[in-house]
Participant: 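I have a structure here, written as structure tokens, and I will follow up with some questions on it.
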Amino acid sequence: MTDPYGFLKTPRRPVPARPVRERLSDWNEVYAGQARLPLVSDQAGRCMDCGIPFCHSGCPLGNLIPEWNAYARKGDWWAAAERLHATNNFPEFTGRLCPAPCEDACVLTINTDPVTIKNVEQAIADQIWARGYATPQPPGRLSGKTVAVIGSGPAGLAAAQQLTRVGHTVAVYERADRIGGLLRYGIPAFKLEKRHLDRRIEQMRAEGTKFRTGVDVGSDLDATELAERHDAVVLAVGATGQRELTVPGRELYGIHQAMDYLTLANRVAEGDHDVPVVTAEGKNVVIVGGGDTGSDCLGTVLRQGAASVVQLDINPEPGDTRRDTEPWPVYPKVYRISHAHEEARGREGTDPRVFSSATLSFEGDRSGQVRALRLAEVEPEGRRPRLETEHVIPADLVLLALGFFGPERGTGLMRQLGLTLDDRGNFARNAAFAAETAESAERTAGAGTVGVFIAGDAGRGQSLVVWAIAEGRSVAAATDRYLSGSTVLPAPIAPQDRPLVA
């Protein structure tokens, strides 16, 4: 443990982001170049001997937070790295992208400010690479078993690395032209510079994992054939089915799904295009959706030079403190400011979000280009529009950030493997993460398809990067047990596990 009185002596001080004006002028991470030491070490000293560290429960990976806090406080980065890597394959991803439910579960949160856990994690992750602690870990021997992992997001990469390290021969299949899934094309560079992803992929290559890009399993390659060529298959294709907004005028030009827009913007950062195919420069932009994807769009349009931007959220504006119905240690719905919201405030002076708002229709010009959006306030209960509040706002570019309904339906992958959907619209799987098909369900209740396992958002639904990595690690353990009869790999979660809720 650290100083048992540290939380009384040291106030919470997060690592500051770069000034708004500076970071809006580039695509580098908002914390790029900001010194974390010795600030982070001092902040780690606020972690107390709380007896029952509820931060473990807030994190699906079961990160050993008090332990690596203690090592970070003492500057023992080797030990901190070992403790962090013991539960997390990719702490440089979670330290940058996770909204840190562990901080809301910190015991200090009961009556004061929590430990800056996310800052400490990112500092340790950066020290891991700076000090050469992320050396490849190839297996001592090969099992002779082969595994195909379909999808290269955080769940697929975590599963592949775990399975490779215990001796299985693993090939990762990705339909895009680069490895990374949403980490590559869905997350803007100002949140995750792709060099962090690239060097982790190189580590995995050095360990023996093979990567196959530009292969759409189910279309370019028959999924049944792939399964026959391997001893096991892990499906980690994500929940990429995008929700639609079926209102009049949706067919107008200039209305795009948020993930399509973000992918095009990321391809500019990757060097595929000199200028974005779809740009916000000089346009009045409306983002429909108040979640993380909407925030990513907000930061992107600001950097592209939008003339104005409004973000619509159908939910009511949350309060600044926990409600009685959301007690500690659950992750509460409170008013939060992302870096993109801070940037929009710095430019316009006001929060770009309009809460309790519903889109009624789009209006366009004679050429079929969207020019305006008609909206109305919604009732707190039932979300029905209040027609007397109708009004129109200008819109030259509209981005739909409404979330995802689950894995894509009707694909060759789904048809060829006989996959079915559960009652939440995700790929059905049993308690061992094995895929359930109509045939296996009829054969034995709860039985899974032999050798096919479901990982990540494809089986869980849209979730956080930390849950995806936890899924990948758990599916790897289930797959290894199927292939070897037993496993030494950790399984931090079960398929039915969910975040802490009231």
Participant: Around atom CG of Asp292, are there more than 12 heavy atoms of other residues, nucleotides or ligands at under 6.0 Å?
Facilitator: no

Participant: Under a 4.0 Å N-O cut-off, is there an ion pair linking Arg303 with Glu343?
Facilitator: yes

Participant: Output yes when a side-chain donor or acceptor of Arg243 lies under 3.5 Å from a complementary backbone atom of Leu400, and no otherwise.
Facilitator: no

Participant: Could you check whether Arg178 pairs with Asp272 (Lys NZ or Arg NE/NH1/NH2 to Asp/Glu carboxylate O, under 4.0 Å)?
Facilitator: yes

Participant: Does the pair Asp422/Arg460 count as a salt bridge with the N-to-O cut at 4.0 Å?
Facilitator: no

Participant: Which distance, rounded to the nearest 0.5 Å, do you find between the CD of Glu193 and the CD1 of Ile187?
Facilitator: 14.0 Å

Participant: Any donor and acceptor pair, going by atom type alone, linking the side chain of Lys333 with main-chain N or O of Pro318 inside 3.5 Å?
Facilitator: no

Participant: Between Arg267 and Asp177, is there a side-chain N and carboxylate O pair less than 4.0 Å apart?
Facilitator: yes

Participant: Does OH belonging to Tyr71 count more than 12 external heavy atoms closer than 6.0 Å?
Facilitator: no

Participant: Taking all atoms of both residues into account, what is the closest heavy-atom pair of Ala232 and Leu483, and its distance?
Facilitator: CB-CD2, 4.0 Å

Participant: Inspect the contact between Glu471 and Arg429 and indicate whether a charged nitrogen and a carboxylate oxygen are less than 4.0 angstrom apart.
Facilitator: yes

Participant: Answer yes or no: is there a donor N or O on one side and an acceptor on the other, between the side chain of Gln311 and the main chain of Val354, under 3.5 Å?
Facilitator: no

Participant: Would you check if Ile128 and Pro91 make a side-chain contact, meaning some heavy-atom pair closer than 4.5 Å?
Facilitator: yes

Participant: If you take all heavy atoms of Thr10 and Gln43, which pair is closest and at what distance?
Facilitator: CG2-NE2, 3.7 Å

Participant: Is a side-chain N or O of Arg184 found less than 3.5 angstrom from the main chain of Leu197, in a donor-acceptor match?
Facilitator: no

Participant: Judged by atom type as modelled, is there a donor-acceptor pair below 3.5 Å linking the side chain of Glu174 to the main-chain atoms of Ile179?
Facilitator: no

Participant: Looking at every heavy atom in both Glu207 and Thr164, which two are closest together, and how far apart are they?
Facilitator: O-CG2, 3.5 Å

Participant: Quick check: does any side chain N or O of Glu317 sit under 3.5 Å from a backbone N or O of Phe355, one acting as donor and the other as acceptor?
Facilitator: no

Participant: Evaluate the side-chain hydrogen bond (donor to acceptor under 3.5 Å, both in side chains) criterion for residues Asn63 and Thr87: first the C-alpha distance (whole Å), next the side-chain angles of each, then the deciding distance (0.1 Å), finally the verdict.
Facilitator: CA-CA 6 Å; Asn63 278 338; Thr87 58; 2.5 Å; yes

Participant: How long is the straight-line distance from CD1 of Ile124 back to CG of Asn69, given to the nearest 0.5 Å?
Facilitator: 7.0 Å

Participant: So, for Gln304 and Ala280, which heavy atoms are closest and what is the spacing to 0.1 Å?
Facilitator: OE1-N, 2.8 Å

Participant: Quick check on Tyr335: does its OH atom have over 12 non-hydrogen neighbours (other residues, nucleotides or ligands) under 6.0 Å away?
Facilitator: yes

Participant: Could you state the interatomic distance from CG (Leu61) to CZ (Arg473), rounded to the nearest 0.5 Å?
Facilitator: 6.5 Å

Participant: Is a salt bridge present between Glu270 and Lys194, judged by a nitrogen-to-oxygen distance below 4.0 Å?
Facilitator: no

Participant: Check this for me, if you would: do Arg205 and Glu202 make a salt bridge, where the nitrogen-to-carboxylate-oxygen distance has to be below 4.0 angstrom?
Facilitator: yes

Participant: For residues Trp467 and Ile493, determine if any side-chain heavy atom of one lies less than 4.5 Å from a side-chain heavy atom of the other.
Facilitator: yes

Participant: How many angstroms lie between atom CG of Leu97 and atom CG of Leu464, to the nearest 0.5 angstrom?
Facilitator: 10.0 Å

Participant: First locate atom CH2 of Trp68, then atom NE2 of His85, and finally report the distance between them rounded to the nearest 0.5 Å.
Facilitator: 12.0 Å

Participant: So, Ser41 side chain and Ala72 main chain: donor-acceptor pair closer than 3.5 Å or not?
Facilitator: yes

Participant: Sub-3.5 Å donor-acceptor pair from the side chain of Thr479 to the main-chain atoms of Val475, do we have one?
Facilitator: yes

Participant: Test of understanding: with salt bridge (Lys or Arg N to Asp or Glu O under 4.0 Å), list the residues that count as partners of Asp126, not counting sequence neighbours.
Facilitator: Arg36, Arg96

Participant: CD1/Ile314 to OG/Ser356 distance, rounded to the nearest 0.5 angstrom?
Facilitator: 8.5 Å

Participant: Hey, what's the ring geometry for Tyr31 with His339, parallel, tilted or perpendicular (30° and 60° as the breaks)?
Facilitator: perpendicular

Participant: Is the NZ or CZ atom of Arg336 both under 6.0 Å from the centre of the six-membered ring of Tyr331 and within 45° of that ring's axis?
Facilitator: yes

Participant: Mark yes or no for whether Trp328, through its side chain, and Cys106, through its backbone, hold a donor-acceptor pair below 3.5 Å.
Facilitator: yes

Participant: Indicate the atoms forming the closest heavy-atom contact of Thr109 with Glu103, along with that distance.
Facilitator: OG1-O, 2.8 Å

Participant: Do other residues, nucleotides or ligands put more than 12 heavy atoms under 6.0 Å from the CZ atom of Arg13?
Facilitator: no

Participant: List the atom of Val40, the atom of Asn119, and the distance in Å for their closest heavy-atom pair.
Facilitator: CG2-O, 3.9 Å

Participant: Here's a test for you: under side-chain hydrogen bond (donor to acceptor under 3.5 Å, both in side chains), which of Thr209, Asp480, Thr146 qualifies with His168?
Facilitator: Asp480

Participant: Okay, side chain of Glu92, backbone of Ala125: is any donor-acceptor separation there less than 3.5 Å?
Facilitator: no

Participant: For the side-chain contact (heavy atoms from CB on, under 4.5 Å) test, which of Cys50, Pro329, Cys47 pairs with Val107?
Facilitator: Cys50

